[in-house]
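What follows is a set of notes on a single structure, which appears directly below.
Whatever order the structure lists ligands and atoms in, that order sets their numbers, starting from 1. These values consider heavy atoms only, across backbone and side chains, with no hydrogens, waters or symmetry-generated copies.
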Amino acid sequence: MDHDEFEEAVAAEPDLYIDGGRPLQGDVQIEASKNAVLPILAATLLTSDPVRLPGVPWLHDVDTLCRVQRSLGVDVSREGRDLVVQAIDVDPFAAPEHLVRRMRASFLIAGPLLARFGAARVPLPGGCAIGSRPIDLHLKGLVALGADVQAGSGYIEFRAPRLHGANIYLDFPSVGATENLLMAAAVADGWTTIENAAQEPEVVDLANFLCSLGAEVRGAGTTELRIHGVRRLHGTTYQVISDRIEAGTYLVATAATGGDVTVGPVLPEHLKPLLAKLREAGGEVDVQGDAVRLRQRGRLRAIDLKTMPHPGFPTDLQAPLMAALSLAEGTSVITETVFENRFMHIPELRRMGADVKIDGRTALVTGVDHLTGATLHASDLRAAAALVIAALAANGRSTVADAFHLDRGYADLEEKFAQLGAQIERRSSCSEVL
Ligand code: EPZ
């Protein structure tokens with residue numbers, strides 16, 4: 001779905017129509033990771049050579065960042081499923097506010113623009129449904145690397161003739177802050193250490209991508225990154241890792257519907273936190289090379305769950321797994337420690353008959369023997385995924401409004417679920433005849 005189609009879709013207010021109660025069966029193809037493609041796309045600003053990223057999925061968030069890049073003067077084109085990017089004549093002050101506000105990950109252009117061009121103006125990313133999403137750790141780290149930071153009205157202006165290495169300690173292992181600082185340090189003068197760094201697989205993929213451009217990065221995947229800045233980076237062709245959150249979403253839908261599904265290609269070690277929880281909940285998990293099969297025979301068992309930075313359980317799968325656990329035997333205790341407001345899916349699940357009590361950042365989910373289809377409204381990408389999973393497992397028909405949230409992070413979602421036997425289709429909501 002390209003940008004214009006997406007805008008039309010939003011305008012048409014499409015709904016997903018789902019008739020639930022059918023176990024999912026079969027195989028599903030997993031795409032390249034949205035949360036690896038986005039920082040890697042930002043990192044292409046660090047070189048004037050061409051960069052080719054094969055097999056990048058058509059996702060709205062990817063399209064948004066491509067539009068931001070084009071606004072900066074970057075040449076971004078599609079050759080089949082490959083994304084080809086070349087940042088030669090870049091205006092580091094031209095990032096468009098309406099696009100950066102729409103998608104927080106656009107702020108990842110700040111580090112590379114500043115590092116390569118010595119100055120940048122970047123609109124402030126909006127908060128969003130799941131939290132205020134501050135950028136204090138990004139700014140603190142860039143200042144440590146030598147940046148002068150001035151806040152304007154709705155934007156930040158950065159200046160640094162030359163960035164220099166620094167020892168940075170992140171108060172929280174922020175994924176985005178780690179990524180922004182990693183990109184800036186890659187071409188700063190001297191050595192940089194980033195302690196309490198994020199260890200997510202997508203951060204490791206960004207580090208590997210930077211090394212393929214000629215950067216010197218050590219410790220990726222640990223809490224301490226060491227970067228030796230180089231003067232210049234060259235082009236590359238780089239295959240981005242597969243999307244562990246997309247794969248996890250289909251596995252959780254399989255658990256919720258009592259199905260038997262194989263997802264691939266995946267990197268199983270990236271799915272370990274989820275696979276451990278699915279086994280605990282009674283699923284039969286088979287790891288087969290770069291594929292994972294889940295068979296859910298009988299009712300899910302309740303489990304306790306706490307989201308944590310990697311290698312803990314990923315916050316992006318908290319809402320989807322809660323939808324499945326709303327049908328489990330027993331009461332699950334789910335604690336969201338990463339974002340301050342990531343329970344917006346709960347009122348919608350309750351409308352389907354789920355029994356969920358909220359106590360601050362903890363939800364008590366007492367399984368019911370069935371959910372009933374309802375008209376549902378999604379608030380954000382992963383909450384929308386949770387509602388689709390609940391609808392697939394529920395008795396009867398559901399509609400999921402605001403389905404455009406799903407297009408931000410899931411390619412061909414209806415088609416993939418339909419191939420697994422789901423009754424799911426997208427229709428424009430017919431306007432009421434007054
Ligand atoms: C990335 O967001 C992902 N997005 C998110 O996925 C994911 O949920 C999140 O990491 C956590 O894993 C992309 O990679 C594009 P953070 P990011 O900075 O980088 C606080 C999805 O659905 N914080 O690790 O924004 C922040 O408020 C999306 O695909 C600060 O306080 O996450 C939050 O509470 C949603 N100050 C916590 O850290 C800062 O300067 C985690 O945020 C930065 C962050």
At the 4.0 Å heavy-atom cut-off, does Arg342 count as touching ligand 1?
yes
Can a side-chain donor-acceptor contact be found between Arg361 and Thr337 if the only test is distance below 3.5 angstrom?
no
Atoms of ligand 1 under 4.0 Å from any heavy atom of Gly176, numbered from 1 in the order shown, are 18 (O), 19 (O)
Is it the case that ligand 1 has an N or O less than 3.5 angstrom from some N or O of Asn35?
yes
Is the shortest heavy-atom distance from the side chain of Tyr238 to the side chain of Asp205 under 4.5 Å?
yes
Between Glu336 and Thr307, is any side-chain donor less than 3.5 angstrom from a side-chain acceptor?
yes
Judged on heavy-atom distance to atom 31 (O) of ligand 1, which of Pro314, Pro134, Ser106 sits nearest?
Pro134
Between Asn180 and His138: side-chain donor-acceptor atoms closer than 3.5 Å
yes
Per-atom filter on ligand 1: closer than 4.0 angstrom to a heavy atom of His138 are 40 (O)
Ligand 1 to Arg104, heavy atom cutoff 4.0 Å, flagged ligand atoms 25 (O), 43 (C)
Tell me the contacting part of Asp136 for ligand 1: side chain, backbone, both, or neither, using a 4.0 Å heavy-atom threshold, strictly below.
both
Testing the 3.5 Å rule here: is there a donor-acceptor pair between the side chains of Tyr410 and Asp243?
no
For a quick test of reading the model, state the closest non-hydrogen atom pair linking Ala385 to Leu406 and the distance between them.
N-CD2, 3.6 Å
Just checking, any donor-acceptor pair under 3.5 angstrom between side chains of His345 and Gln318?
yes
Heavy-atom pairs closer than 4.0 Å: do any link ligand 1 to the side chain of Val338, the backbone, both, or neither?
both
Specify side chain, backbone, both or neither for Ala105, according to which of its non-hydrogen atoms lie closer than 4.0 Å to ligand 1.
side chain
Any idea which atoms of ligand 1 are less than 4.0 Å away from a heavy-atom of Leu137?
36 (N), 39 (C), 40 (O)
Is ligand 1 less than 4.0 angstrom away from at least one heavy atom of Arg382?
yes
Positive for side-chain contact (heavy atoms from CB on, under 4.5 Å) with Ser77, one of Asp82, Val84, Leu83, Val85
Val84
Taking both backbone and side-chain atoms of Asp316, is any N or O found less than 3.5 Å from an N or O belonging to ligand 1?
yes
Would you please say whether a donor-acceptor pair under 3.5 Å links the side chains of Gln69 and Thr44?
yes
side-chain contact (heavy atoms from CB on, under 4.5 Å) with Thr249: of Leu317, Leu274, Val388, only one passes, and it is Leu317
Region of Lys140 engaging ligand 1 - heavy atom pairs below 4.0 Å:
neither
Closest to atom 44 (C) of ligand 1 (judged by heavy-atom distance), picking from Ser174, Pro309, Pro39
Ser174
Would you say Lys34 touches ligand 1, if touching means a heavy atom closer than 4.0 Å?
yes
Hey, is Ala177 one of the residues with a heavy atom under 4.0 angstrom from ligand 1?
no
